[in-house]
Amino acid sequence: MIVTEIEEISKSKCKVFLDGEFAFALYKGELSAYQIKKGKELEKKNFEELTEQVLPKRAKLRTMNLLKARPYTEEELRRKLRQGFYTEELISQALSYVKSYGYVDDLSYAMEFIRCRAESFSKKQIQNKLLQKGIEKEDIEKAFLKCEDEGIFVEEIKQMETYLKKKQYSPKLCDNKEKQKLMAALYRKGFSINSINQVMKSDFYLT
């Protein structure tokens with residue numbers, strides 16, 4: 001394998017290309033240690049040491065350090081590792097490692113996310129945020145059901161009532177323009193039109 005390009009990423013790190021393809025990212029000190037120079041052949045033993053020992057260990061440590069700071073979904077970790085120029089193979093190895101110890105569990109992540117936001121976000125808002133984090137729709141649906149089994153429900157009607165009370169809504173005093181504005185605001189929060197109409201026609205404001 002010939003080192004066809006060495007591209008600087010930062011003051012301390014470079015991307016290494018072998019036979020015209022991106023192979024891995026290394027620290028500049030490692031380029032010297034493994035005798036990696038543009039136009040020079042990379043010895044097989046050095047390639048194997050880097051790809052089978054040095055970089056897999058580094059990817060696992062990076063993943064573990066990320067998880068020490070806060071919980072991540074599997075897709076969030078993939079994005080983070082890609083930003084660090086780890087190859088897909090190294091990323092898969094690192095994720096398999098942390099998943100084997102139960103450090104990454106998208107279903108558990110989704111359930112905790114729902115528990116923390118059930119009182120302040122609509123079901124659609126929660127679902128969209130979890131989808132953005134890379135959690136599969138099937139896992140999200142399972143998480144909602146499991147939370148409901150625990151007695152945790154997304155109380156959308158209560159949330160809308162609280163919002164409308166803060167806005168001092170009253171069907172007798174609110175003109176059509178203001179009503180439409182409030183309905184639009186609730187719709188943007190992820191509440192359905194049917195639910196919005198149900199609340200706005202109720203007498204909750206009297207309580």
Side-chain angles (χ1 to χ4, degrees), residues 1-117 121 124-144 190:
M1 290 172 285
I2 302 298
V3 180
T4 50
E5 190 64 57
I6 297 176
E7 181 182 312
E8 189 176 85
I9 300 171
S10 65
K11 291 181 179 180
S12 61
K13 210 169 186 180
C14 294
K15 291 167 71 176
V16 177
F17 293 79
L18 299 176
D19 298 332
E21 299 289 333
F22 170 67
F24 37 64
L26 296 175
Y27 291 106
K28 290 183 177 179
E30 292 170 330
L31 298 180
S32 299
Y34 290 94
Q35 301 176 9
I36 297 174
K37 293 182 180 180
K38 184 177 179 180
K40 185 178 178 180
E41 185 174 358
L42 176 61
E43 291 185 21
K44 183 180 179 181
K45 66 174 184 178
N46 287 342
F47 175 79
E48 290 177 347
E49 185 174 330
L50 285 166
T51 57
E52 295 175 14
Q53 299 178 44
V54 176
L55 292 170
K57 181 179 180 180
R58 184 173 297 162
K60 291 171 185 176
L61 286 173
R62 172 60 176 154
T63 308
M64 290 295 292
N65 285 332
L66 286 168
L67 289 168
K68 284 179 183 178
R70 69 169 180 84
Y72 281 85
T73 66
E74 184 175 340
E75 181 57 28
E76 285 178 323
L77 286 172
R78 286 188 183 277
R79 293 169 190 168
K80 280 287 188 180
L81 292 171
R82 284 173 187 146
Q83 290 171 9
F85 301 99
Y86 290 98
T87 63
E88 291 301 316
E89 183 178 351
L90 289 170
I91 291 170
S92 293
Q93 289 179 31
L95 289 176
S96 293
Y97 176 78
V98 294
K99 287 171 71 177
S100 71
Y101 288 96
Y103 297 143
V104 178
D105 184 333
D106 282 358
L107 180 58
S108 295
Y109 183 102
M111 289 178 66
E112 184 60 26
F113 192 92
I114 293 167
R115 290 187 193 105
C116 294
R117 292 160 179 80
F121 287 87
K124 186 175 181 180
Q125 279 180 311
I126 292 172
Q127 183 182 54
N128 287 341
K129 288 179 182 294
L130 289 172
L131 286 170
Q132 289 168 12
K133 290 176 176 291
I135 297 181
E136 296 292 332
K137 189 173 182 179
E138 183 180 345
D139 281 338
I140 296 172
E141 290 172 354
K142 285 181 182 177
F144 275 116

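The environment of CD in E136 is sparse: at most 12 heavy-atom neighbours from other residues, nucleotides or ligands sit within 6.0 Å. Atom NZ of K99 is surrounded by 12 or fewer heavy atoms from other residues, nucleotides or ligands within 6.0 Å. For Q53, the CD atom is densely surrounded, since the number of other residues' heavy atoms within 6.0 Å is greater than 12. Other residues, nucleotides and ligands place more than 12 heavy atoms under 6.0 Å from the CD atom of E141. Within a 6.0 Å radius of CD in E21, other residues, nucleotides and ligands contribute 12 heavy atoms or fewer.
Using a 4.5 Å heavy-atom threshold, the side chains of K142 and D139 count as touching. When side chains are defined from C-beta on, E88 counts as touching R78, because their heavy atoms get closer than 4.5 Å.
Nearest heavy atom pair, residue L90 against residue P56, reads CD2-N, 3.6 Å. The two residues Y34 and V54 come nearest to each other via the heavy atoms OH-CG2, 3.5 Å. Closest approach of V104 and E74 over heavy atoms only: CG1-N, 3.9 Å. For the residue pair A25 and L55, the shortest heavy atom distance occurs at O-CD2, 3.8 Å. Nearest heavy atom pair, residue I135 against residue A110, reads CD1-CB, 4.1 Å. When all heavy atoms of C14 and I6 are compared, the pair lying nearest together is CB-CG2, 3.8 Å.
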Check your understanding: side chain to side chain contact (heavy atoms under 4.5 Å, CB included) between L18 and T4: does it pass, once the steps are laid out?
Key -> CA-CA 6 Å; L18 299 176; T4 50; 5.8 Å; no
Exercise for review: Begin from the C-alpha positions of R58 and R62 and carry the test side chain to side chain contact (heavy atoms under 4.5 Å, CB included) through to its verdict.
Suggested key: CA-CA 6 Å; R58 184 173 297 162; R62 172 60 176 154; 5.6 Å; no
Practice item. Test K80 against E76 for salt bridge (charged side-chain N to carboxylate O under 4.0 Å, His left out), laying out the working first. Key: CA-CA 6 Å; K80 280 287 188 180; E76 285 178 323; over 6 Å; no
**Study point:** From CA spacing to verdict: side chain to side chain contact (heavy atoms under 4.5 Å, CB included), T63, Y97
**Key:** CA-CA 9 Å; T63 308; Y97 176 78; over 6 Å; no
Exercise for review: With side chain to side chain contact (heavy atoms under 4.5 Å, CB included) as the test, would you mind laying out the steps for L130 and T73 before giving the verdict?
Suggested key: CA-CA 9 Å; L130 289 172; T73 66; 6.0 Å; no
Practice item. Give the intermediate values and the outcome of salt bridge (charged side-chain N to carboxylate O under 4.0 Å, His left out) for residues R79 and E75. Key: CA-CA 6 Å; R79 293 169 190 168; E75 181 57 28; 3.5 Å; yes
Practice item. Show your working on salt bridge (charged side-chain N to carboxylate O under 4.0 Å, His left out) between E30 and K13 and close with a plain yes or no. Key: CA-CA 9 Å; E30 292 170 330; K13 210 169 186 180; over 6 Å; no
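Taking the centre and axis of the six-membered ring of F144, the NZ or CZ atom of K137 falls outside the cone set by 45° and 6.0 Å.
For the atom pair L67 CG and L77 CG, the distance stands at 5.0 Å (nearest 0.5 Å). Here the straight-line distance linking atom OG of S96 with atom CD1 of I91 works out to 11.5 Å at 0.5 Å rounding. Interatomic distance, L131 CG to I126 CD1, rounded to the nearest 0.5 Å: 12.0 Å. Taking CD1 of I36 as the start and CG of N46 as the end, the distance is 7.0 Å to the nearest 0.5 Å. Rounded to the nearest 0.5 angstrom, T51 OG1 and Q93 CD are separated by 9.0 Å. Once rounded to the nearest 0.5 Å, the distance linking OH of Y103 with NZ of K68 reads 9.5 Å.
Each of K15, K28, K38 was evaluated against E8; a single residue qualifies, K28, per the salt bridge (charged side-chain N to carboxylate O under 4.0 Å, His left out) test.
A perpendicular orientation is assigned to the rings of F22 and F85, their planes being inclined by more than 60° (bins at 30° and 60°).
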